[in-house]
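Below is one structure, written out as structure tokens, with a few remarks after it.
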Amino acid sequence: VLFSFSNKYMLVIDNILIAVVAIIGLNLVTGFAGLISIGHAAFVGIGAYTVASFARTLGDSHVLITHAWPLMIVLAGLMGAVFGAIVGLPAMRLKHLYLAIATLSFQMIFSWTINFLEFFNQGQTIYQGRVFWFAGKAGQKDHYLFWYYVLLVVVVFSGFTVRNLLRTRYGRCLSAVRDNDRAADAMGMHPGLTKVYAFALAGFFAGMAGALHAYLFTGCRV
Amino acid sequence: MSYFFQLVVSGIVVGSIYALSALGFVLIYKSSKVLNIAHGQIIAAGAFIAMPYRLGGHSHFPLLPAEYGHYLFPGHERGADLFAPADRRADHLGHHGDHRADVHPRRHHLLDALRFRQLFFSPISASNPISFGGVSISWTQLVGVIITSVMIGGFSWFFKKSTLGISMRAVIGRPVCLHVHRHFGAPGCSGWPGPPAGLSAAAAGGIIGNITGLNFETLQAFGITVFPVVILGGLDSIFGAVVAGIIMGLIQQFASGYLDGNWGLNGTAEVLPYIILLVILLFKPHGLFGIHEIERV
């Protein structure tokens with residue numbers, strides 16, 4: 001046995017790794033693209049509530065949630081990316097604190113919507129069933145250890161993806177636009193589109209983190 | 001129709017307090033390009049500092065700068081005893097022994113407030129609210145609006161006309177200028193807009209505490225709403241802060257007056273300012289009165 005940690009500590013480690021996935025996204029938009037996003041938590045929420053909305057419509061232990069969970073996580077990431085792109089649209093016109101407060105606005109609107117809509121149980125807990133693996137159901141005893149390994153794979157995969165992305169033109173255009181968007185424009189990049197794309201990328205990682213969070217806590221609430 | 005005017009009046013009351021708190025934020029940004037994200041905390045501090053004075057049986061309105069002086073201008077007046085050595089501090093407290101005596105037994109009230117309990121100030125005046133054509137405004141609100149307008153006017157005058165204000169504008173954020181300035185014997189100024197900004201924020205907190213009572217969540221929501229107000233008005237415009245504050249106050253009152261309760265909506269006052277802010281930003285990316293950055297090629 002590599003780890004003999006109790007569930008209590010595994011939960012802490014799992015939480016750290018989820019934060020790592022979300023922060024990889026935030027680092028892309030704020031670190032590399034230089035766009036301050038205060039509403040990043042809302043993207044995490046979008047991911048979690050994507051899974052939750054499946055649980056609400058299909059039931060919390062539908063086969064899609066319990067067996068096709070890798071698909072759900074990617075789907076939640078894509079949903080985060082879509083919302084990220086929408087929130088990123090003001091970035092084409094806004095800068096600095098104006099943009100930061102625009103992202104804060106999105107966060108406020110998001111949490112109000114979740115608290116308001118009956119579909120999302122008005123912010124009360126929406127449960128998710130436990131997932132199945134090749135070896136059967138990931139039970140209560142192995143729950144945190146199981147998700148630790150999943151998270152480890154996701155973190156390593158995301159880390160390498162971002163690392164490689166930054167060596168391509170699609171990654172380098174992020175820091176080019178951050179440093180001088182006029183110059184980037186002159187070099188043939190599209191600054192506005194790049195900013196929207198940065199938000200979408202950040203939203204993707206945040207959405208995945210949200211779905212993982214929902215699975216780890218077998219449910220989500222505001 | 002009187003309902004409409006009632007909403008307008010309360011919108012202006014709330015809005016003017018937003019304006020006052022946004023004013024502090026704008027003062028700091030305008031002069032030093034520093035974003036004071038902790039501005040809401042100063043507002044809350046103002047409300048909590050005002051409380052013991054109001055609970056202590058003092059009848060005066062707790063918005064006199066002297067009351068905040070010890071917080072905002074450390075080194076002056078009673079603020080000194082916070083930083084003084086323990087023996088001097090005890091000595092200093094002795095002079096104010098009678099003053100503190102009636103605050104001390106009520107200290108448990110202070111802790112209660114920190115435990116998220118709603119806590120009300122005693123009303124300014126026992127008389128009934130002023131009513132005019134079906135529109136009523138309480139004395140607390142009226143006094144709050146008057147003090148707010150006086151402070152906004154005062155700050156505008158101070159920074160535009162007074163010698164000290166002009167010197168501050170001249171040297172703020174420019175340390176070298178500050179030294180030159182002092183060398184030539186201009187009025188002494190710190191070159192840091194913190195004190196007036198903190199004063200306006202704390203006063204706003206004091207007023208809002210008097211109107212709504214002390215509640216941690218109310219104060220927090222109030223502090224966060226100052227950000228959309230500042231952005232809506234444009235980051236570096238005092239006039240914008242005033243206009244945007246009143247717009248936000250009106251939006252919130254109309255939202256809770258007309259939208260809440262219909263179509264199953266509730267709590268729209270929390271979210272509508274942000275939606276309208278986003279819409280306005282799409283057309284005016286620098287707020288209503290913000291300075292457009294000119295990018296030179």
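Numbers restart at 1 for each chain; the letters A, B, ... are given by sequence-line order, proteins then strands. Below, each value reflects all heavy atoms present in this structure, side chains not excepted, and no hydrogens, waters or symmetry copies.
Remark: L281(B) CG to L99(A) CG distance equals 9.5 Å, nearest 0.5 Å. If you take CD on E270(B) and CG on N115(A), they are separated by 8.5 Å, rounding to the nearest 0.5 Å. One distance of note links CH2 of W112(A) with CD1 of I275(B); it measures 7.0 Å at 0.5 Å rounding.
Minimum interatomic distance between Y98(A) and L235(B) (heavy atoms only, all atoms of both residues): OH-N, 2.9 Å. Minimum heavy-atom separation, S105(A) to L278(B): CB-CG, 3.9 Å.
Heavy atoms from other residues, nucleotides or ligands lying under 6.0 Å from CZ of F158(B) number more than 12. For F157(A), the CZ atom is loosely surrounded, since the number of other residues' heavy atoms within 6.0 Å does not exceed 12. Atom CG of L165(A) has more than 12 neighbouring heavy atoms from other residues, nucleotides or ligands inside a 6.0 Å radius. More than 12 heavy atoms of other residues, nucleotides or ligands sit less than 6.0 Å from atom CE of M72(A).
Residues F116(A) and T268(B) are not in side-chain contact: their nearest non-hydrogen atoms beyond the backbone lie 4.5 Å or more apart.
The closest donor-acceptor contact from the side chain of R93(A) to the backbone of F283(B) lies under 3.5 Å.
In terms of heavy-atom pairs under 4.5 angstrom with chain B, the leader among L97(A), L89(A), T113(A), I109(A) is L97(A).
Contact of I224(B) with chain A is made through the side chain alone, with heavy-atom distances under 4.5 Å.
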